[in-house]
Amino acid sequence: MPKKQRKFADDGWAVWIDGDDVSTIYINDWLNPKGKSYVDFAVRIRGVLASKSLNVYVPFLVKNEEIEDVSFLFNDTNILQATFSASCIIEYKKNEYTSEIAYNGKIVDIVHVSVLGYETIVLSEGTIIKIDLEKLRPYLDNDEAYFIWRMPHKSLDEIFAPRKDMNNAMERLKDLITTPIVAEKFGYSIRINESRLLPQEITKIGSFHRQKLKKAVVTLSINESYELNDSGCYRIRRLEENLYKEFLPKGYKSEDVITYQWQQNRETNLRGHFNFYYNVIKNSVSRGSMFLYLVLLTLLGVVGNLISDLISKLIGL
């Protein structure tokens, strides 16, 4: 039987807009088990002209310098098409703070959050990213706006971090000999606006409880050497390498990558809970086992040669 390693993280995120809106949340996780994982976080606000602020709670510490404004990459129409899954027309940098795109019969402002500015507030268990929408209002021509940025996904880095086996020496030796195949199972849950997983600093905010999210979409991009459960998948599609090649996070390889997409809608989830759970599984050969087998084979070869030489000498006598 293979040895199983189980790693799990259950994260609570929160998004609330101080104003009259029905918004959509997009999370694109770039899973990178051998390096840094990233998350692209996007919010599409409908009714942005009547909104005062956008607030996002991230369940780990994130610094200002770790936030990357990827909206500037939308000047590349291939990236724009891949992101919005539609042919788009863009008026790039329409003004100081926004660009404007037309797609699927509607027009939306894309906000360049790094130019507009944002505040990061460190809490006991995470960070709030706050964007002042009143400052943005004079620069908006549409009542729908799209905010997007990229940051390290430290929860994923934590569950993919290698663990040291603390078993005693004899048990470790037994494992290396008897279980050369290691099955690793990584579980991750994203829960948006679920109070029980959020710190008190969030749950006591009145505007948080008045949020009106319409739906949430989570996209996961991972190498095919890992197996991802897709029973609750809304859509599975290939990552368009040619379209995305300039959009990938640093250190991320696009070869043989598949994208999975989940969607939950408030119309079918009246309580407004958006819970996404997935498992990532990989079976691999233990390097320690292979090294031990190589050592044993070498020793057997040496001992065998010695015995052969000894027998030859005895026969010769």
Side-chain angles (χ1 to χ4, degrees), residues 8-31 37-48 51 53-60 62 83-85 108 123 125-131 144-151 153-156 159 186-222 228-237 259-280:
F8 177 75
D10 191 6
D11 272 348
W13 298 64
V15 178
W16 67 100
I17 296 95
D18 187 356
D20 184 15
D21 69 282
V22 181
S23 304
T24 302
I25 310 304
Y26 301 89
I27 297 176
N28 183 12
D29 271 326
W30 299 94
L31 280 66
S37 294
Y38 290 87
V39 55
D40 292 348
F41 201 95
V43 184
R44 189 177 66 192
I45 300 178
R46 296 178 180 177
V48 66
S51 301
S53 66
L54 165 62
N55 305 272
V56 177
Y57 169 72
V58 179
F60 46 80
V62 59
T83 304
F84 287 86
S85 299
V108 177
L123 303 184
E125 302 174 33
T127 310
I128 293 178
I129 300 171
K130 185 172 184 177
I131 299 174
E144 187 169 333
Y146 189 82
F147 303 76
I148 182 170
W149 62 87
R150 177 175 294 163
M151 55 193 167
H153 196 152
K154 297 178 183 179
S155 298
L156 290 179
I159 65 169
F186 306 90
Y188 185 65
S189 179
I190 300 172
R191 302 174 189 268
I192 302 172
N193 289 4
E194 190 162 325
S195 297
R196 67 183 181 85
L197 288 178
L198 300 173
Q200 187 178 4
E201 296 103 314
I202 302 297
T203 57
K204 70 181 182 181
I205 297 173
S207 56
F208 162 70
H209 296 282
R210 294 193 296 269
Q211 58 79 26
K212 292 178 287 184
L213 302 180
K214 182 180 180 183
K215 69 177 180 179
V217 178
V218 176
T219 302
L220 312 173
S221 302
I222 189 171
L228 186 70
N229 69 316
D230 56 6
S231 58
C233 217
Y234 163 71
R235 183 186 302 164
I236 306 175
R237 66 185 177 93
T259 292
Y260 297 78
Q261 191 171 95
W262 277 257
Q263 175 174 283
Q264 286 189 354
N265 197 307
R266 192 182 178 92
E267 293 173 2
T268 57
N269 184 5
L270 298 180
R271 296 182 65 187
H273 289 170
F274 301 92
N275 303 333
F276 301 86
Y277 176 79
Y278 56 88
N279 283 320
V280 181

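- Across every non-hydrogen atom of Thr259 and Ser221, the tightest pair is OG1-OG, 3.3 Å.
- Taking NZ of Lys215 as the reference point, atom CZ of Arg44 lies at 6.0 Å (rounded to 0.5 Å).
- When every heavy atom of Leu213 is checked against every heavy atom of Ile192, the shortest pair comes out as CD1-CG2, 4.2 Å.
- Scored by the ring pair (Phe, Tyr, Trp, His ring centres under 6.0 Å) test, Tyr146 finds Phe84 as partners (sequence neighbours excluded).
- Among residues two or more places apart in sequence or in another chain, the side-chain hydrogen bond (donor to acceptor under 3.5 Å, both in side chains) test is passed with Thr83 by none.
- In this structure, the side chains of Leu31 and Asp29 come closer than 4.5 Å at one or more pairs of heavy atoms.
- Looking at Trp16 and Asn193, their side chains never bring a donor and an acceptor atom within 3.5 Å of each other.
- Looking at residues two or more places apart in sequence or on another chain, you find a ring pair (Phe, Tyr, Trp, His ring centres under 6.0 Å) between Tyr278 and Tyr188.
- In terms of the ring pair (Phe, Tyr, Trp, His ring centres under 6.0 Å) criterion, residue partners of Tyr277 (sequence neighbours excluded) are, by chain and number, Phe8.
- Nearest heavy-atom pair across Glu201 and Lys204 is O-CG, 3.8 Å.
- Remark: Phe276 engages no residue in a ring pair (Phe, Tyr, Trp, His ring centres under 6.0 Å) (not counting sequence neighbours).
- Under the salt bridge (charged side-chain N to carboxylate O under 4.0 Å, His left out) criterion, Lys130 pairs with no residue, sequence neighbours left out.
- Taking all atoms of both residues into account, the shortest heavy-atom contact from Arg46 to Ser23 is N-OG, 4.2 Å.
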